Amino acid sequence: MASSSSSSSSSSSSLDGVTEVEEAVATLSLSSTKDAIRLKAADGVAFEVEKAVATKLGAIKNMLEEGCSFDDENSLLLPNVSGKFLGMVLQWCEKHVNDDERKRKMAIEDDDRHVLLGKKKPKDEVDKWDEEFVKDMDQATLYHLLMAADYLDGVELVDLLAEKVASMIRGRKVEEIRETFQIKNDFAPGQEEEIRRRNPWAFE
């Protein structure tokens, strides 16, 4: 469970979609528990989340284990991530908070039947949520969310986002990839032609 607030106000954010931060955490539960921790982003936006949710992130888990210090508002400061993207990361964490139990259950139910039959394993509700989470994500959001997840050591979220990037590259030509990701061609004149000649497979 999580609630968000700005450092300039003690009230919780509304769910009217007024700001990007509010939109990012619109599906989070807005209630606190005794076993909670307050996280503050670089722009002063704070989130109160259950420790089980926060410790899905390796960086938060390590900070707590090492006895990190809190500010005057009893918040753990995260200076390298904005409120919008911290909210999105926590939204993912809340959805995946019971992953260990979920994966054990799926492993028991699977019993290798799908492998033997040559079929893909069925997707559960969380897998489908992940697909929707990244489905229409624009490139700028994908980049900043990936940076936030990496900074916070959200390994499985990084994997999800990296797979999204891979899907945007898969099957495309070099020129299309450059255009999609706005990558400047910095080869010297004739250098790319020589590389293409030696490694034609890489440009297919």
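Everything numeric in this text was worked out from a predicted model, so none of it was measured.
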Worksheet item: Less than 4.5 Å apart, any side-chain heavy atom of Glu156 and any of Asp99?
Response: yes
Discussion item. With a 3.5 Å distance limit and no angle check, can you tell me whether Asp43 reaches the backbone of Gly83 through a side-chain donor-acceptor pair?
Written reply: yes
Identify every side-chain donor-acceptor pair in residues 142-150 under 3.5 Å, counting partners at least two apart or on other chains, and give the distances.
none

Worksheet item: Taking the side chain as C-beta and beyond, is there a heavy-atom pair between Val45 and Lys40 under 4.5 Å?
Response: no
Fill in: Under-4.0 Å salt bridge between Lys61 and Glu66
no
Worksheet entry | Presence of salt bridge, Lys56 and Glu94, under 4.0 angstrom | no
Worksheet item: Thinking salt bridges, do Glu125 and Lys95 make one under a 4.0 Å N-O criterion?
Response: yes
Worksheet item: Looking at side-chain heavy atoms only, is the closest gap between Phe85 and Thr141 below 4.5 Å?
Response: yes
Discussion item. Between Lys135 and Asp130, does any NZ, NE, NH1 or NH2 come within less than 4.0 Å of an OD or OE carboxylate oxygen?
Written reply: no
Practice prompt. Could I get the full list of side-chain contact (heavy atoms from CB on, under 4.5 Å) partners for Val134, not counting sequence neighbours?
Written response: Met137, Leu160, Leu161, Lys164
Worksheet item: Would you say the side chain of Leu39 lies within less than 4.5 Å of the side chain of Leu78, judging by non-hydrogen atoms?
Response: yes
Practice prompt. Report the C-alpha separation of Leu57 and Asp153 in whole Å, then their side-chain angles, then the decisive distance to 0.1 Å, and conclude whether the side-chain contact (heavy atoms from CB on, under 4.5 Å) test is met.
Written response: CA-CA 5 Å; Leu57 303 168; Asp153 196 17; 5.9 Å; no
Item to complete: Kindly compute the distance separating SG (Cys68) from CG (Leu77), expressed to the nearest 0.5 Å.
Response: 9.5 Å
Worksheet item: Taking side chain as C-beta onward, heavy atoms only, is Gln91 less than 4.5 Å from Trp129?
Response: yes
Item to complete: Ignoring hydrogens and angles, tell me if any N or O in the side chain of Ser75 forms a donor-acceptor pair with the backbone of Asp71 under 3.5 Å.
Response: no
Worksheet item: Is Leu152 reachable from Val155 through a run of I, L, V, M, F, W or Y residues, each pair having side-chain heavy atoms under 4.5 Å apart?
Response: no
Worksheet item: So, for Ala54 and Val49, which heavy atoms are closest and what is the spacing to 0.1 Å?
Response: CB-CG2, 3.7 Å
Worksheet item: Considering only heavy atoms from C-beta outward, does the side chain of Asp35 approach that of Glu50 to under 4.5 Å?
Response: no
Worksheet entry | Minimum heavy-atom distance Pro79-Ala42, with the two atoms named | O-CB, 3.2 Å
Practice prompt. Indicate the atoms forming the closest heavy-atom contact of Ala41 with Ser82, along with that distance.
Written response: CB-C, 3.5 Å
Practice prompt. Taking the side chain as every heavy atom from C-beta outward, state whether Arg38 and Leu76 have any pair of such atoms under 4.5 Å apart.
Written response: no
Worksheet, complete the sentence: Separation between SG (Cys93) and CE (Met88), nearest 0.5 Å, reads 12.0 Å
